[in-house]
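Input: a single structure, listed below in structure tokens.
In this chain, residues are counted from 1 in sequence order.
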Amino acid sequence: MPRFSSTPILALLLSMPVSAEPLNVVSWGGAYEAAQKEAIFEPYSEQTGEELEIHQYAGEPDGLTTRAASENWDVVDMVEDQAIAACERGDILPLDPDELGLDPDDFSPAPIRRCSVPHTIFATVMAYDDRRFPGVKPNSIEDFFDTERFPGARGLEKRPDVILEWALLAEGVPAIQVYDLLSTERGLDLAFRALDRIRDDIIWWQNPAEAAEMLADGRAVMASGYNGRFFALKHEEKANIAILWDGRIISNDAWAIPASSRRQEAAKSFIAFAARPEPMAALASRIPYGPSRPDAFERIGLNPLDATPMRPHLPNSPEHGSRMLVRDSEWYAHTHELRMRRFRGWLKNDR
């Protein structure tokens, strides 16, 4: 198959000799990885002849240091704040946009950072099992914390991520003040007190695919999770899942290269390809995670499975309502130890 490129630099990267050693790319599994396979992984291999070996992780910061070298990771799909922290530790490599043929002005609102290239905008949302609430439906973050009106188990990721923001929103804190308040002991105390109200109703998940599965198989009546995962189970398997967009927290994923990568030039070639608007739009047409390049939006088409128009399902669609937060990546990158210490203490009921 002929190789082509929109930029001379990308053409040069794509024309590099193919190695007998596969390029090891790390993703998040499930419906998201399945969509990446069709939109990015297979087209890249077809154009370059490069064999990709896909690994999975769940975003554990320790995983990057303990697994990257032992499993020969070359490219990692990371949440932005984890990429910032990993860059400061020297665990991932600095990237030169010129070398990748990327113009930083093409990326907005998530910027190209020193060690990472943003590619996907997603939202962490609450969703519920529509079968369990045939009458009055949950319609706000406050309802997640109201187990009298909406009884049943709540599925949450076993991390102090997102739930602290939601706890403050449920306490009436305006979205614009949430991160400032969480930067204080008073704010953290208020958030954990709100979580106390649902402590006995929480069941934890650690793999992103579990959240939607919990709702589909009846283990939980409400759950936190990624909007694309809920969409996939609802549309592909007709699960009775409804997404609650109020208080959604918008974040972005980014590509990065572990410092231990043995195939750094091939890794740059992959990132240069994946950061083009065409693969980004192809991904958003399969799972509703928005592209980080505005020029990719106009290319987003219908879902190839059932011809669903995808733009209304993107996290930033205006029909989802105005109460939302943009995840503060710098705050997350620099508060990990504090948040984990307070969270572990709360789990032990000893805060």
Side-chain angles (χ1 to χ4, degrees), residues 13-14 16-95 99-100 113-120 122 157-159 161 205-210 226 228-229 251-275 279 283 287 289 332-333 336-337 340:
L13 290 169
L14 292 175
M16 293 188 309
V18 175
S19 170
E21 183 180 358
L23 188 70
N24 293 291
V25 178
V26 183
S27 182
W28 297 78
Y32 174 55
E33 183 181 308
Q36 286 182 313
K37 179 181 178 182
E38 294 181 357
I40 304 171
F41 301 158
E42 290 181 345
Y44 179 73
S45 291
E46 289 172 1
Q47 290 200 27
T48 64
E50 184 81 65
E51 179 185 354
L52 301 185
E53 188 168 303
I54 310 302
H55 304 250
Q56 289 83 34
Y57 86 142
E60 314 91 340
D62 293 344
L64 189 66
T65 53
T66 59
R67 295 177 59 189
S70 62
E71 298 178 20
N72 301 323
W73 290 359
D74 297 304
V75 182
V76 183
D77 185 342
M78 305 183 71
V79 178
E80 184 180 58
D81 61 83
Q82 294 180 2
I84 293 171
C87 183
E88 293 175 353
R89 294 194 304 267
D91 289 341
I92 56 177
L93 297 174
L95 296 173
E99 187 180 3
L100 299 176
R113 301 220 179 231
R114 189 165 75 90
C115 299
S116 58
V117 175
H119 59 83
T120 297
F122 64 94
E157 185 177 16
K158 199 170 187 179
R159 285 184 183 179
D161 293 14
W205 59 262
Q206 299 192 61
N207 183 316
E210 289 182 71
Y226 304 128
R229 305 272 185 165
S251 317
N252 74 276
D253 271 358
W255 296 115
I257 300 175
S260 59
S261 169
R262 299 189 306 206
R263 303 199 57 206
Q264 296 177 12
E265 293 308 309
K268 293 174 186 174
S269 166
F270 173 84
I271 293 175
F273 175 88
L283 181 69
I287 192 166
Y289 294 143
Y332 264 93
H336 175 74
E337 293 303 324
M340 289 304 299

Thinking salt bridges, do Lys268 and Glu99 make one under a 4.0 Å N-O criterion? yes
Heavy-atom check, side chain of Glu71 versus side chain of Asn24, under 4.5 Å: no
Contact summary for Trp28 and Pro208, nearest pair of heavy atoms: CE3-CG, 4.2 Å
Can you find a pair of side-chain heavy atoms, one from Leu64 and one from Ile92, that are under 4.5 Å apart? yes
Please table the atom pairs, donor to acceptor, closer than 3.5 Å between any side-chain atom in residues 32-39 and protein atoms at least two apart or in another chain.
from: Tyr32; atom 1: OH; to: Gln36; atom 2: NE2; distance (Å): 3.1
from: Tyr32; atom 1: OH; to: Asp77; atom 2: OD2; distance (Å): 2.6
from: Glu33; atom 1: OE1; to: Gly29; atom 2: N; distance (Å): 3.1
from: Glu33; atom 1: OE1; to: Gln56; atom 2: NE2; distance (Å): 2.8
from: Glu33; atom 1: OE2; to: Gln56; atom 2: NE2; distance (Å): 2.9
from: Gln36; atom 1: OE1; to: Ser27; atom 2: OG; distance (Å): 2.5
from: Gln36; atom 1: NE2; to: Asp77; atom 2: OD2; distance (Å): 3.0
from: Glu38; atom 1: OE1; to: Arg286; atom 2: NE; distance (Å): 2.9

Close side-chain approach of Thr48 to Phe270, heavy-atom, < 4.5 Å: no
Look up atom OH in Tyr44 and atom CZ in Phe273, then write down how far apart they are to the nearest 0.5 Å. 8.5 Å
Atom CZ of Arg229 and atom CD1 of Ile287: how far apart are they, to the nearest 0.5 Å? 6.5 Å
Any donor-acceptor pair under 3.5 Å from Asp74 side chain to Leu23 backbone: no
Do you know the tightest heavy-atom contact between Ala275 and Val117? CB-CG1, 4.1 Å
Is there a donor-acceptor contact under 3.5 Å from the side chain of Gln82 to the main chain of Gly59? yes
Is it the case that the side chain of Ser70 and the backbone of Arg67 share a donor-acceptor pair, with hydrogens and angles ignored and the cut-off at 3.5 Å? yes
Reported SG-to-CG distance for the pair Cys115 and Asp91, which is rounded to 0.5 angstrom: 10.0 Å
Tell me, do Met78 and Tyr57 make a side-chain contact under 4.5 Å, heavy atoms counted? yes
Backbone N/O of Glu21 and side chain of Arg263: donor-acceptor pair under 3.5 Å: yes
Distance, nearest 0.5 Å, that separates OH of Tyr289 from CG of Asp253: 8.5 Å
Ile84 vs Tyr332, test: side-chain contact (heavy atoms from CB on, under 4.5 Å). Steps then yes/no. CA-CA 9 Å; Ile84 293 171; Tyr332 264 93; over 6 Å; no
How close do Val75 and Ala267 get, heavy atom to heavy atom, and via which atoms? CG2-CB, 3.6 Å
Spatial distance of atom OG (Ser260) from atom CG (Asn72) [nearest 0.5 Å]: 7.5 Å
So, for Asn252 and Pro118, which heavy atoms are closest and what is the spacing to 0.1 Å? ND2-CB, 3.5 Å
To the nearest 0.5 angstrom, please state how far the CD1 atom of Ile40 sits from the CG atom of Leu283. 5.0 Å
